[in-house]
Amino acid sequence: MVNFYIGIDFGTSGARSITINPEGTVVAETQFPFPPLTDSSEYVSLWKTALFTVIQEIPVNVRRQIQRIVINGTSATVLLCDPQGIPVDSPILYNDSRGATVLELLKKISPPDHCVISATSSLAKLIWWLTVKKIDIQQQLGCLYFLHQADWLAFLLHGKLGISDYHNSLKLGYDVENFAYPHWLINSLKSLINLDRLKLPDVVSPGTPIATITPEIAEQLQLPKTCKVCAGTTDSIAAFLASGANVPGEAVTSLGSTLVLKLLSKTPVNNIKYGIYSHRLGDLWLTGGASNTGGAVLRQFFSDLELETFSRQINPNNNSHLHYYPLIKKGERFPINNPELLPTLEPRPDNPVEFLQGLLESMAKIEAQGYQLLQQLGATPLTQVYTAGGGAQNSTWTAIRQRYLNAPIVQPIHTEAAYGSALLALKKVKNEA
Ligand code: ADP
């Protein structure tokens, strides 16, 4: 009998499961792409179907030996549920900016520069429900539970409502340094509602076993009765964990549509001006920022095939002497905070290979500048950079980036968020504070 561990990733385009053995080797993978939906009320049943499908499609001989499950959700996708766990309104998705209407109130109640001050934060969504939608708490049966997507999905398996992890709860305002909801948050919510009737989740460390699955779920999904569901995490932290980075100074650069940097640090770094905030990771901090430059700009000028063929013609050791700031539209936050910053894509050489070299070099400089900024603001010095995302396969770009970064670039074996969650289930991640 071997013990297996499942990580389940709920991303923006679908759900995916990865099952690993105690050595971290992948033994099964399943996925469920989300169809396009027009009505957000359909999400709840879709997520439930996706969760059950990705588990049921794991070969039954593997499924019968699953010890622990961790689910990561999309950060700041939230639900409001009755005591039976049934959502009383459609979930609000990660990128839904209806919270812009309560931004002024958020600024008044929260400390300056707090990461909850954003139209898409979980707290903005809760306050929108209470003050704009005016969900009438008195009329509900019992009380209401505010949950993140990962909390609700885990509830479907273990049946315990009202538990979350400190990754998902950061943008709700939970104080991850002191492991408590801060007074400013509790007092402001009290002024809006009777707190006996609104249950904020109890927050535990990601990966903490919460409960065994219910007997009905064990039977339905053919999982062992002893299988435990553990507290989850967010999709981007799960993707970071997948890389295997776990020592201060190690970082993951994601070269996707945008350029996202994450650096593991002994000290937290927070700076709202640059959109930098820190997640707790055991006794370490995961800090980082997101630039608007990235693959989306490359896609404006080149197909993926052109990117591959032209990149092969670039000598990465030559300097193009082209200085661009590649953006698809005006405005940058990190590592330069300037909402008015215009894209710089001139002068444009006739030869597309030279133009591509200039773009790749310029993005490499922005990446290096980003890590410098994080370190200037107090993060642990960079020692090693893993790369994820569509641009990670481009070895020419890696060689160019290596010229500007003062740390070796390493290709991670795994980049899937589901793998990071599976590591959390296996407890291969230092996450105990
Ligand atoms: P996201 O999930 O952020 O949308 P992906 O991680 O899937 O993005 O990466 C897609 C991006 O990767 C595209 O914007 C594309 O321009 C870029 N890309 C694809 N192939 C290459 C390549 N060979 N070199 C550099 N960038 C590439």
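Both ligands and their constituent atoms are indexed starting at 1 by order of listing.
For atom 2 (O) of ligand 1, the nearest protein heavy atom lies 4.0 Å or farther away.
Residue Arg299 places a heavy atom less than 4.0 Å from ligand 1. In this structure, Ser311 falls outside the shell of residues with a heavy atom less than 4.0 angstrom from ligand 1.
Salt-bridge check for Arg403 with Glu361: passed, with a basic side-chain N closer than 4.0 Å to an acidic carboxylate O. Looking at Glu104 and Lys108, no side-chain N of the basic residue comes within less than 4.0 Å of a carboxylate O on the acidic one, giving no salt bridge.
Considering Ser303, Ala239, Ser254, Ser257 only, the shortest heavy-atom separation from atom 4 (O) of ligand 1 involves Ser257. Of the listed residues (Leu259, Val297, Leu307), the one carrying the non-hydrogen atom nearest atom 18 (N) of ligand 1 is Leu307. With distances taken over non-hydrogen atoms, the option nearest atom 11 (C) of ligand 1 out of Ala392, Gly256, Ala296 is Gly256.
For the residue pair Arg280 and Ser205, no side-chain donor N or O sits within less than 3.5 Å of a side-chain acceptor on the partner.
Atoms of ligand 1 found under 4.0 Å from any heavy atom of Asn394, numbered from 1 in the order shown, are 22 (C), 23 (N), 24 (N), 25 (C). Applying the 4.0 Å criterion to heavy atoms of Gly389 picks out, from ligand 1, the atoms 6 (O).
The nearest heavy-atom contact from the protein to atom 19 (C) of ligand 1 is Asp304 OD1, 3.6 Å. Among protein heavy atoms, the minimum distance from atom 16 (O) of ligand 1 is reached at Gly295 O, 2.9 Å. For atom 7 (O) of ligand 1, the nearest non-hydrogen atom of the protein is Gly390 N, 4.4 Å.
With ring centers used as reference points, His323 lies 6.0 Å or more from Tyr325. A ring-centre distance under 6.0 Å is found for Phe355 and Tyr324.
Neither the backbone nor the side chain of Phe302 has a heavy atom within less than 4.0 Å of ligand 1.
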